[in-house]
Trainee: 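Below is one structure. I have some questions about it.
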Amino acid sequence: MRWFVVLAAAAALAFAGCGGDDNKSASTPTATDTATETPTEAAASGSASKLAIAADPGGAKKFTESNLTATAGSVEIDFSNESQLPHAVEIEGNGIEKTTETVTGQDAPPLTVDLKPGTYEFYCPVGDHRAEGMEGKLVVK
Ligand SMILES: [Cu+2]
């Protein structure tokens, strides 16, 4: 009777060894890194482009530039007025009408506008400044 037990144990060992070999050979890694085609649209929409506009520092009723260009999308208008006359910037066109704070001798808080491609006017809405020539053209591409 004892020899039968030994035989059965030997058979079980042989079986287990065989199973062990199967497990080893089945552990080959599979190549699954094919998800590298990520769209790049989200990266572009996050950051606003900046557009610097300055009033004439000497006190003339004009901007330092009368022709500006910007990239379509969210645009941060950074208006600087070093002169001792109060000025602001108003952006107008294509259904947009946005104005910065009026400031004297300092920078206005940044004004963010969403601009579509097209041509816009920018001018100073204070007093007769626009009539005096404090205006310009903004082309958005
Ligand atoms: Cu002005």
Side-chain angles (χ1 to χ4, degrees), residues 2-141:
R2 182 161 292 194
W3 58 270
F4 177 78
V5 173
V6 171
L7 251 176
L13 268 171
F15 188 81
C18 192
D21 286 349
D22 280 355
N23 286 344
K24 271 178 196 167
S25 62
S27 66
T28 41
T30 48
T32 48
D33 50 335
T34 47
T36 45
E37 297 170 44
T38 43
T40 50
E41 293 168 40
S45 64
S47 56
S49 59
K50 295 189 177 187
L51 179 64
I53 303 178
D56 182 84
K61 291 174 186 174
K62 63 178 186 180
F63 294 106
T64 56
E65 290 187 59
S66 55
N67 285 288
L68 297 171
T69 54
T71 305
S74 191
V75 178
E76 182 185 298
I77 310 290
D78 294 317
F79 174 52
S80 166
N81 177 18
E82 290 178 29
S83 80
Q84 291 309 302
L85 280 178
H87 294 302
V89 176
E90 182 156 346
I91 307 280
E92 200 176 303
N94 302 301
I96 297 280
E97 196 173 343
K98 294 265 191 177
T99 312
T100 68
E101 271 184 33
T102 300
V103 288
T104 306
Q106 61 180 321
D107 295 348
L111 173 74
T112 302
V113 289
D114 198 29
L115 299 177
K116 288 174 274 189
T119 302
Y120 298 75
E121 293 179 302
F122 69 94
Y123 59 90
C124 177
V126 177
D128 64 349
H129 296 192
R130 186 183 188 182
E132 295 284 321
M134 198 165 184
E135 61 182 348
K137 193 173 76 172
L138 168 64
V139 176
V140 176
K141 291 168 185 171

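In each ligand, atom 1 is the first atom listed, and ligand 1 is the first ligand listed.
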Trainee: Does the Thr102 side chain pair with the main chain of Ala88, one donor and one acceptor, at a distance under 3.5 Å?
Mentor: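 Judged by distance alone, no pair lies under 3.5 Å.
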Trainee: Which pairs, with at least one residue in residues 92-110 and sequence neighbours excluded, count as a salt bridge (Lys or Arg N to Asp or Glu O under 4.0 Å)?
Mentor: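 Passing the test, one end in residues 92-110: no pairs.
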Trainee: Would you sort out whether Phe63 and Leu68 count as a side-chain contact (heavy atoms from CB on, under 4.5 Å), showing the intermediate values?
Mentor: CA-CA 11 Å; Phe63 294 106; Leu68 297 171; over 6 Å; no
Trainee: Tell me which donor-acceptor pairs under 3.5 Å the side chains of residues 132-141 have, and how far apart each pair is, sequence neighbours excluded?
Mentor:
| unit_1 | atom_1 | unit_2 | atom_2 | d |
| --- | --- | --- | --- | --- |
| Glu135 | OE1 | Arg130 | NE | 3.1 |

Trainee: Rounded to the nearest 0.5 Å, how far does CD1 of Ile53 lie from CG of Asn81?
Mentor: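 Going from the CG atom of Asn81 to the CD1 atom of Ile53 covers 12.0 Å.
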Trainee: Do any pairs count as a salt bridge (Lys or Arg N to Asp or Glu O under 4.0 Å) and have a residue in residues 49-77, sequence neighbours left out, and if so which ones?
Mentor: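 Listed once each, the pairs are Lys50-Glu76, Lys61-Asp128.
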Trainee: For the Cu ion (ligand 1), what is the number of protein N, O or S atoms at a distance under 2.8 Å?
Mentor: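 Protein N, O or S neighbours of the Cu ion (ligand 1) under 2.8 Å, waters not counted, come to 3.
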